[in-house]
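First up is the structure itself, then whatever we jot down about it.
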There are 2 protein chains.
Amino acid sequence: MKYSKQREIILKTLEQNAVHPTADQVYALLHAQHPGISLATVYRNLNLLAEMNVIRKITGLDGATRFDHNTHSHHHFVCSKCHKVYDVAYEIAPALIAEAAAQSGLAIESCDITLRGLCPDCITKN
Amino acid sequence: MKYSKQREIILKTLEQNAVHPTADQVYALLHAQHPGISLATVYRNLNLLAEMNVIRKITGLDGATRFDHNTHSHHHFVCSKCHKVYDVAYEIAPALIAEAAAQSGLAIESCDITLRGLCPDCITKN
DNA sequence: TCTAAAATGATAATAATTATCATTATTGCG
DNA sequence: CGCAATAATGATAATTATTATCATTTTAGA
């Protein structure tokens with residue numbers, strides 16, 4: 001794998017925008033400063049970085065795949081109203097995996113937990 | 001909402017094929033016996049039935065949305081090799097929700113848990 | 001039986017993502 | 001340094017999953 005300026009910019013953009021953006025959103029965030037970078041390159045590099053575990057790919061929240069610069073194991077809360085994504089600490093998962101493994105007999109390697117509800121902002125605005 | 005023969009067939013197909021099929025797969029399963037039914041009708045009815053909580057929509061496993069005739073709360077295990085989907089009992093979730101709510105202060109209404117690993121078939125075949 | 005509302009099939013449109021391919025950039029070596 | 005091999009890029013076509021459109025057909029109730 002070779003260095004590329006574009007990859008560096010894409011990663012930096014993701015790090016500076018910790019809002020779990022989609023590929024499209026990363027592209028939009030870049031585009032003002034770096035109008036030359038193509039959407040295909042954004043997709044390519046986000047997928048590459050995710051394969052290398054430099055960043056994390058999140059599916060199953062809404063329509064599009066989102067990307068997260070935070071590779072520490074953690075989970076996500078999606079607001080059912082505004083669709084903002086919040087991080088939730090990991091501590092719960094190991095106990096859950098152990099329990100699920102015991103109950104099902106499956107060889108569980110990892111787990112994704114997606115929580116849903118109304119976020120604080122949407123609750124107070126109601 | 002009015003009765004339709006197509007909806008009945010679509011639901012029956014899903015019940016008789018508890019493999020968490022995608023809309024496309026439901027369509028393929030139907031098509032041999034009922035070549036008249038259109039793919040659009042399959043999508044429409046799966047979404048309708050999911051809104052009415054007669055069936056359940058599962059996103060975030062792989063690429064496409066899957067459908068599950070089992071509406072009892074439960075979770076899913078996806079084999080990283082063969083991508084088959086297994087059901088996992090619900091018991092773990094309430095404790096997890098309580099713990100996550102306590103830690104994060106978020107108003108959690110529901111949670112989806114997706115477990116990953118190698119399924120028994122793929123383990124023995126290795 | 002008649003009519004309004006809902007559902008259908010066929011297909012166009014959209015959205016997200018991946019593939020293609022000619023051109024450009026990076027890297028390591030002589 | 002300069003050059004070849006390899007990887008990455010930009011532009012865009014292609015693909016996949018899904019939703020929208022709309023004329024026609026079904027359903028259900030008066």
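Protein chains get the first letters and strands the later ones, always in sequence-line order, with residue 1 at the start of each.
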B:Glu8 atom CD is separated from C:dT8 atom C1', nearest whole Å, by 16 Å

D:dT19 phosphate, OP1 or OP2, under 4.0 Å from B:Asn47 side-chain N/O: yes

Can you measure B:His34 atom NE2 to C:dA7 atom C1' for me and round it to whole angstrom units? 17 Å

Should B:Thr65 be listed as having a side-chain N or O under 4.0 Å from OP1 or OP2 of D:dT18? yes

Determine yes or no for a side-chain-to-main-chain donor-acceptor pair under 3.5 angstrom, with B:Thr13 supplying the side chain and B:Ile9 the backbone. yes

Interatomic distance, B:Met52 CE vs C:dA6 C1' [rounded to whole Å]: 13 Å

To the nearest Å, give me how far apart CD (B:Glu51) and P (D:dT18) are. 15 Å

Within the 6.0 Å centroid threshold, strictly below: A:His75 and A:Tyr90: yes

A:Tyr27: ring pair (Phe, Tyr, Trp, His ring centres under 6.0 Å) partners, not counting sequence neighbours: A:His31

What is the distance, rounded to the nearest whole Å, between atom CG of A:Leu46 and atom C1' of C:dA16? 13 Å

Please determine if a side-chain N or O atom of B:Tyr43 lies less than 4.0 Å away from the OP1 or OP2 oxygen of D:dT18. yes

Sort me out a list of protein N/O and nucleotides 8-12 of chain D N/O pairs below 3.5 Å, or just none if empty.
| residue | atom | partner | partner atom | Å |
| --- | --- | --- | --- | --- |
| D:dA8 | OP1 | A:Lys2 | N | 3.4 |
| D:dA8 | OP1 | A:Arg7 | NH2 | 3.4 |
| D:dA8 | O3' | A:Ser4 | OG | 3.4 |
| D:dT9 | OP1 | A:Ser4 | OG | 2.6 |
| D:dT9 | OP1 | A:Asn45 | ND2 | 3.3 |
| D:dT9 | OP2 | A:Asn45 | ND2 | 3.3 |
| D:dT9 | O3' | A:Gln6 | NE2 | 2.9 |
| D:dG10 | OP1 | A:Gln6 | NE2 | 3.3 |
| D:dG10 | OP1 | A:Gly36 | O | 3.2 |
| D:dG10 | OP2 | A:Ser38 | N | 3.2 |
| D:dG10 | OP2 | A:Thr41 | OG1 | 2.4 |
| D:dG10 | N7 | A:Arg44 | NH2 | 2.9 |
| D:dG10 | O6 | A:Arg44 | NH1 | 3.3 |

Would you say B:Val26 ends up clustered with B:Leu49 if hydrophobic residues are merged whenever their side chains have heavy atoms under 4.5 Å apart, either directly or through other cluster members? yes

Working for side-chain contact (heavy atoms from CB on, under 4.5 Å), residues B:Ser104 and A:Phe77: CA-CA 10 Å; B:Ser104 66; A:Phe77 173 93; over 6 Å; no

Between A:Glu8 (side chain only) and A:Lys5 (backbone N and O only), is there a donor and an acceptor less than 3.5 Å apart? no

Rounded distance in Å - CD (B:Gln25) to C1' (D:dT18): 15 Å

